[in-house]
Trainee: 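Can you read through this structure? Questions will come right after.
Basis for what follows: all heavy atoms, side chains included, without hydrogens, waters or symmetry-related copies. What you see is a predicted model; the values in this text were computed from it and never measured.
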Amino acid sequence: MAFFFGVFLGVSIGIGLIIAFARYGKIRSTRRTDLARTIAAFARLTVQDSRKILPRQFYPPWVVFSQRQKLGWLNVQLEKIWPSVDEAASELIRASVEPILEQYTPAILSSMKFDKLTLGTVAPQFTGISIVESESGADGITMEMDMQWDGNPNIVLNINTKLGVSLPVQVKDIGFTGVFRLIFKPLVAQFPCFGAVAYSLREKRYLDFTLKVIGGDLSSIPGVSDAIEETIRNAVEDSITWPVRNIVPILPGDYSGLELKPVGTLDVKLVQAKELTNKDIIGKSDPFAVLFIRPLPDKTKRSKTIVQYLPSANDDNQLNPIWNENFEFIVEDVSTQHLTIKVFDDEGVQGAELIGCAQLALKELEPGKVKDVWLKLVKDLLVQRDNKYRGQVQLELLYNPYGTDSTFKNPFDANFSLTSLEKSLKSPNSETEALAPEKAGQKKREVIVRGVLSVLVISGENLPPVDFNGKADPFVVLTMKKSETKSKTRVANETLNPVWNQTFDFVVEDALHEMLIIEVWDHDTFRKEKIGRIVMTLTRVLLEGEFQDNFTIDGAKSGNLHLHLKWSPQLVFRDRDTQ
């Protein structure tokens, strides 16, 4: 009897447990469904809905409704902790900036070091804050904070000149406006939920300061004030300005992925400028160009100066320099960096006067594709209030990301050197030549794009009248700039729409650095009058092989030329001694 009772009790308990677990599972599933619905409903809540549910007086003091109020709360808290921030930041600045000051110390000085460094009692003010979703990613948070600071720091530099003079120079009246970027990465499950923070000056909108020698006059030593100011600005640029990232580890780990690393190269061909503003009262400006991605002395390129002469009736007092120079830059962040070009008038011993400047975002370039651009020059890149026309500058640009040029390597010589543009132009035939064993050697080699350029001058259209009868007697002169080879068409008499249909062949020894200049002239018995010109590199015909197009005549009131160009390539190699 006891046995049967035990069996009955066991079965009953088992059935009860089964029923209980089944019911608990159903309840748990219902609760999960309700929780999901609640979370979804909260996700759809607007600010107005939250205000209806919870009145304002029940919010904690740090939760506010407007951006302005949020920033006010943040600035109040920063003022409270500013003495501690001042002490920590001063030591950090001294440790990171002082070596860079030494690096950029000008030749006139022997050393520059901090004697005193505190940030003062006035805390900076945050005027804006945002999360950069496009840069954050799944494992990090990128925050940008607009900051303004009119501080009263106590910064004294101990400066020694080559003349043996020691100068205590105070940096005062600092005014700064800019955007700081903070990167919290990677996100982890351990408090404070991120492994490291990287900080950088994302955008420097305004930076001004005053230099004063304690107990003396800095102007008594010519050139020292400008040299010190340039050194300070270079140090700021190289130590903290984006894309430089200063990393502060919070938790132990490897954070090398946050470090600044080059991502590619930018090849720039400075072709020409047209219609530049004349800065000289007598004669014409002598223009040169300065190009940079980061405005540091060792990363800035300068073109040659084009010396102009007295104006004549042929050029209508316009400045149209041709540079045809190639430069290469290291790219560190293609999404945010820009190429900047500034055109100056060389005044000799008096320095240089800015004609105009322009800027191009690197993110507008397609990797591996040559882009031909005309940039309009302006007086100032930040405050564009002056709408005066200052001319244009022509550039050819090629961005090559790292890791995409492995197919261009020479299989027999690890030291084989090609510019990025040469790599993009390299033909399959050059691979065959590269394999020839007799071409292997210890010398570094350069590729020369050699071949024949055929130019068919088809016709002209709507040329400006030059003669008294309202007509012109046009002919065309074609010149290869580097080799100075010239050819010309026949004269088309009394017409503004000439037809020539003449072909000219040019043997080109170095097409990557050659230019074709096409000038249109009016022929008279006793004189010739220039109508205008067309300047072009050979990049397009090298890439396309053959094309036909209409070209506007620069310097002419109207008119264009119809041309057909064809390239027959033959790549050869030349040796040059390695450095």
Trainee: Give, for atom CZ of F114 and atom CG of L101, the distance between the pair rounded to the nearest 0.5 Å.
Mentor: 5.0 Å
Trainee: Evaluate the ring planes of F194 and F184, with Trp represented by its six-membered ring, and classify them as parallel (under 30°), tilted (30 to 60°) or perpendicular (over 60°).
Mentor: perpendicular
Trainee: Write down the atom of G368, the atom of L398, and the distance for their closest heavy-atom approach.
Mentor: C-CD1, 3.4 Å
Trainee: When you measure from the side chain of N154 to the backbone of T118, do you find a donor-acceptor pair of N or O atoms at a distance under 3.5 Å?
Mentor: no
Trainee: Could you check if a side-chain atom of Y255 sits within less than 4.5 angstrom of a side-chain atom of P249, using non-hydrogen atoms only?
Mentor: yes
Trainee: Mark yes or no for whether W149, through its side chain, and V122, through its backbone, hold a donor-acceptor pair below 3.5 Å.
Mentor: yes
Trainee: Find out whether P192 and I250 are in side-chain contact, i.e. whether some heavy atom of one side chain is under 4.5 Å from a heavy atom of the other.
Mentor: yes
Trainee: With heavy-atom distances below 4.5 Å as the criterion, would you say the side chains of L339 and L397 are in contact?
Mentor: yes
Trainee: Quiz question: by atom type and distance under 3.5 Å, do the side chains of N320 and Q272 form a donor-acceptor pair?
Mentor: no
Trainee: State, to 0.1 Å, how close R94 and D115 come at their nearest heavy-atom pair, and which atoms those are.
Mentor: NH2-O, 4.2 Å
Trainee: Would you check if the side chain of S303 reaches a backbone N or O of A289 as a donor-acceptor pair within less than 3.5 Å?
Mentor: yes
Trainee: May I ask you to decide if R181's main-chain N or O and S200's side chain share a donor-acceptor pair within less than 3.5 Å?
Mentor: no
Trainee: NZ/K371 to NZ/K369 distance, rounded to the nearest 0.5 angstrom?
Mentor: 14.0 Å
Trainee: What I want to find out is whether E203 reaches R205 closely enough, with some N-O distance under 4.0 Å, to be called a salt bridge.
Mentor: yes
Trainee: Apply side chain to side chain contact (heavy atoms under 4.5 Å, CB included) to E353 and F344, showing your working.
Mentor: CA-CA 5 Å; E353 184 178 0; F344 294 89; over 6 Å; no
Trainee: With a 4.5 Å cut-off on side-chain heavy atoms, are D173 and D208 touching?
Mentor: no
Trainee: Counting N and O atoms only, with roles assigned by atom type, does the side chain of D86 sit under 3.5 Å from a partner on the main chain of L119, one being a donor and the other an acceptor?
Mentor: yes
Trainee: Roughly how far, to the nearest 0.5 Å, is the CD1 atom of I100 from the CG atom of D238?
Mentor: 5.0 Å
Trainee: Are R294 and E332 close enough for a salt bridge, meaning some N to O gap below 4.0 Å?
Mentor: yes
Trainee: Is a donor from one side chain sitting under 3.5 angstrom from an acceptor on the other, for K113 and N158?
Mentor: no
Trainee: Of all the heavy-atom pairs spanning L276 and P287, show the shortest one and how long it is.
Mentor: CD1-CB, 3.8 Å
Trainee: Using 0.5 Å steps for rounding, measure from the CD1 atom of I228 to the CD1 atom of I159.
Mentor: 3.0 Å
Trainee: If you compare all heavy atoms of S110 against all heavy atoms of T105, which two are closest, and at what distance to 0.1 Å?
Mentor: C-CG2, 4.3 Å
Trainee: If only atom types and distance count, is the side chain of D139 paired as donor or acceptor with the main-chain N or O of K185 below 3.5 Å?
Mentor: no
Trainee: Check whether Y199 forms a cation-pi arrangement with R245 (NZ or CZ under 6.0 Å from the six-membered ring centre, at most 45° off the ring normal).
Mentor: no
Trainee: Using the side chain to side chain contact (heavy atoms under 4.5 Å, CB included) rule, take F327 and L266 through it: C-alpha gap first, then chi angles, then the decisive distance, then the call.
Mentor: CA-CA 8 Å; F327 306 99; L266 176 69; over 6 Å; no
Trainee: Counting distance only, does the side-chain N/O of D345 pair as donor-acceptor with the main-chain N or O of L354 below 3.5 Å?
Mentor: no
Trainee: Between K204 and E237 (salt bridge meaning N to carboxylate O under 4.0 Å), is one present in this structure?
Mentor: yes
Trainee: Is a side-chain N or O of T241 found less than 3.5 angstrom from the main chain of V236, in a donor-acceptor match?
Mentor: yes
Trainee: Are K304 and E325 within salt-bridge range, i.e. N to O under 4.0 Å?
Mentor: yes
Trainee: Checking T336 against D333: is there a side-chain donor and acceptor pair closer than 3.5 Å?
Mentor: yes
Trainee: Could you check whether T127 and Q148, counting side-chain N and O atoms only, form a donor-acceptor pair closer than 3.5 Å?
Mentor: no
Trainee: Check the side chains of E396 and T537 for a donor-acceptor pair under 3.5 angstrom, ignoring hydrogens and angles.
Mentor: yes
Trainee: Would you tell me whether N152 and T121 have side-chain atoms, one donor and one acceptor, within less than 3.5 Å of each other?
Mentor: yes
Trainee: Any side-chain heavy-atom pair from F329 and L291 closer than 4.5 angstrom?
Mentor: yes
Trainee: Give me the atom names and distance for the closest heavy-atom approach of V213 to V169.
Mentor: CG2-CG2, 4.1 Å
Trainee: I232 and side-chain contact (heavy atoms from CB on, under 4.5 Å): which partner among V97, I155, L157?
Mentor: L157
Trainee: Does some side-chain heavy atom of W82 sit less than 4.5 Å from a side-chain heavy atom of P124?
Mentor: yes
Trainee: For a side chain to side chain contact (heavy atoms under 4.5 Å, CB included) check, start with the C-alpha distance between F209 and R233, then their side-chain angles and the critical distance, and finish with the verdict.
Mentor: CA-CA 10 Å; F209 52 86; R233 292 185 183 276; 4.2 Å; yes
Trainee: May I ask you to check if K274 and W374 form a cation-pi contact, with NZ or CZ under 6.0 angstrom from the six-membered ring centre and within 45° of the axis?
Mentor: yes
Trainee: Does any non-hydrogen side-chain atom of L543 lie less than 4.5 Å from one of V370?
Mentor: yes
Trainee: Which heavy atom of N246 sits nearest to which heavy atom of S239, and what is that distance?
Mentor: ND2-O, 3.0 Å
Trainee: Rounded to the nearest 0.5 Å, how far does CG of L207 lie from CD1 of I174?
Mentor: 7.5 Å
Trainee: Is there side-chain contact between Q394 and K269, with heavy atoms separated by less than 4.5 Å?
Mentor: no
Trainee: To the nearest 0.5 Å, what is the distance between CD (E275) and CG (L377)?
Mentor: 11.0 Å
Trainee: Check this for me: Q103, atom CD, are more than 12 non-hydrogen atoms of other residues, nucleotides or ligands nearer than 6.0 Å?
Mentor: yes
Trainee: Closer than 4.0 angstrom, basic N to acidic O: yes or no for R202 and D146?
Mentor: no
Trainee: V132 vs M143, test: side chain to side chain contact (heavy atoms under 4.5 Å, CB included). Steps then yes/no.
Mentor: CA-CA 6 Å; V132 186; M143 178 186 299; over 6 Å; no
Trainee: Does the side chain of S166 pick up a donor-acceptor pair with the side chain of N160 at under 3.5 Å?
Mentor: yes
